[in-house]
2 protein chains.
Amino acid sequence: MLSKKTKYGLKALTFLARRDVKGPVQIAEISRSENISQKFLESILLTLRKAGILGSKKGKGGGYYLIRDAADVPMTDVIRVLEGPIAMLPCVSLNFYEKCDDCPDENACSVNKLMIQVRDSTLQIFRHTSLADLISE
Amino acid sequence: MLSKKTKYGLKALTFLARRDVKGPVQIAEISRSENISQKFLESILLTLRKAGILGSKKGKGGGYYLIRDAADVPMTDVIRVLEGPIAMLPCVSLNFYEKCDDCPDENACSVNKLMIQVRDSTLQIFRHTSLADLISE
DNA sequence: CTATTACCCTACAAGTTTGATAGGATAAAA
DNA sequence: TTTTATCCTATCAAACTTGTAGGGTAATAG
């Protein structure tokens with residue numbers, strides 16, 4: 001299940017991408033428009049900034065803004081930053097790999113093989129979908 | 001992320017499907033072979049029995065066994081019973097649908113559209129993979 | 001230079017889920 | 001009637017999720 005953190009993050013990003021004027025947007029405005037707890041959203045936007053997806057400006061007239069063009073923000077980046085691994089099992093994850101305690105031989109594990117298929121098909125979608133695709137649909 | 005419950009359940013099912021002799025297999029044997037806590041596995045197998053995927057026999061010589069042929073056990077069934085919804089968002093789930101609190105219009109939600117794509121591609125895999133496919137790979 | 005604005009950061013807390021354990025009840029077979 | 005193995009409920013610690021509190025810091029306005 002997708003966490004609210006990720007869902008809220010995606011909604012905030014689409015909100016920013018949809019704006020024609022590209023100046024900074026305050027947390028309060030996004031939180032109001034998207035029905036997200038302001039403080040919770042604050043921590044999410046901070047994460048996205050540290051990940052290099054958002055930029056920020058302090059003080060009056062400050063806020064958050066997209067650092068790259070929306071077309072250059074693939075879903076893979078956003079999901080990995082907010083949700084973590086895309087794979088359903090650590091032993092199948094490309095970016096967060098971890099061995100299973102219970103599995104003696106990964107290559108002989110049928111669950112592993114199944115989850116590789118799921119990972120690949122999900123990855124294909126996330127790789128070919130950018131923030132720009134999200135708002136144009 | 002796939003829970004251990006689902007992972008263990010799948011491993012137990014493949015263990016049963018792989019056996020040539022089709023008699024009941026005791027929890028203890030599966031737990032030993034697959035490195036799963038016996039008591040935890042007990043509750044998982046019970047769930048699978050109540051869902052009509054496994055049958056059981058009490059007393060000496062008892063245990064669990066597959067009720068249907070492995071080819072007639074699709075992954076969709078197993079995953080939904082053990083893991084719950086296949087979709088990453090309740091508002092996108094076919095079998096466990098729930099409206100989002102924060103979304104005024106589901107059809108206008110870009111996150112919703114994205115997750116429908118993910119759901120469909122994952123569903124396609126699970127629908128076309130049976131327990132028999134799992135052990136033959 | 002000072003007040004205001006708005007992001008920055010850490011800590012924390014309630015609620016839920018997960019993974020696992022304990023212990024006895026029940027049914028079948030020897 | 002004893003043994004075996006599933007059935008079932010309760011419980012529990014640890015982890016995670018969602019959200020709140022509160023002060024620190026940098027930028028801007030006047």
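By convention in this document, chain letters (A, B, ...) are assigned in the order of the sequence lines, proteins followed by strands, and residues within each chain are numbered from 1.
The side-chain contact (heavy atoms from CB on, under 4.5 Å) test applied to A:Asp105 returns A:Asn107, A:Ala108, not counting sequence neighbours. Here A:Lys4 pairs with B:Asp101 under the salt bridge (Lys or Arg N to Asp or Glu O under 4.0 Å) rule; sequence neighbours left out. Listed by chain and residue number, B:Leu46 satisfy the side-chain contact (heavy atoms from CB on, under 4.5 Å) test with B:Lys50 (two or more places apart in sequence, or in another chain). For A:Glu83, there are no salt bridge (Lys or Arg N to Asp or Glu O under 4.0 Å) partners two or more places apart in sequence or in a different chain. Partners of B:Tyr64 under the ring-ring contact (aromatic ring centres under 6.0 Å, His included) rule, at least two apart in sequence or in another chain, do not exist in this structure.
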Without placing hydrogens or testing angles, list every side-chain donor-acceptor pair under 3.5 Å for residues 70-82 of chain A, not counting sequence neighbours.
none

With a 3.5 Å cut-off and sequence neighbours excluded, list the donor-acceptor pairs that the side chains of residues 25-37 of chain A form with protein atoms.
| from | atom 1 | to | atom 2 | distance (Å) |
| --- | --- | --- | --- | --- |
| A:Glu29 | OE2 | A:Arg19 | NH1 | 2.9 |
| A:Ser31 | OG | A:Ile36 | O | 3.1 |
| A:Ser33 | OG | A:Glu29 | O | 3.1 |
| A:Asn35 | ND2 | B:Asp102 | O | 3.1 |
| A:Ser37 | OG | A:Phe40 | N | 3.3 |

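Side-chain N/O atoms of A:Arg49 include one lying less than 4.0 angstrom from OP1 or OP2 on C:dC9. For A:Ser56, no side-chain nitrogen or oxygen approaches OP1 or OP2 of C:dA6 to under 4.0 Å.
Contacts of B:Leu45 with the nucleic acid, taken as non-hydrogen atoms under 4.0 Å apart, are absent. Contact annotation for A:Lys50: backbone-only contact, meaning every heavy-atom pair under 4.0 Å involves sugar-phosphate atoms and none involves a base.
With a 4.5 Å cut-off between side-chain heavy atoms of Ile, Leu, Val, Met, Phe, Trp and Tyr, the cluster of B:Tyr65 takes in B:Ile67.
Overall, the helix from C:dC1-D:dG30 to C:dA30-D:dT1 carries an axis bend of 10° between its ends, with five pairs at each end and the value rounded to 10°.
Counting heavy atoms of neighbouring residues, nucleotides and ligands inside a 6.0 Å radius, atom CD of A:Glu98 does not exceed 12 of them.
Between chain B and DNA chain D, the heavy-atom contact criterion of under 4.0 Å yields a 5' to 3' nucleotide range of D:dT4 to D:dC8.
Taking atom CD on A:Glu29 and atom P on C:dA6, their separation rounds to 11 Å, with Å as the unit.
Applying the ring pair (Phe, Tyr, Trp, His ring centres under 6.0 Å) test to every pair with at least one member in residues 69-98 of chain B, sequence neighbours left out, gives no pairs at all.
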Within the 4.0 Å limit for protein heavy atoms, which parts of nucleotides 11-30 of chain C are touched? Write it as a string from 5' to 3', B for base, S for sugar-phosphate only, - for none.
--------SSBBB--BSBSS
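The closest donor-acceptor contact from the side chain of B:Thr14 to the backbone of B:Lys11 lies under 3.5 Å.
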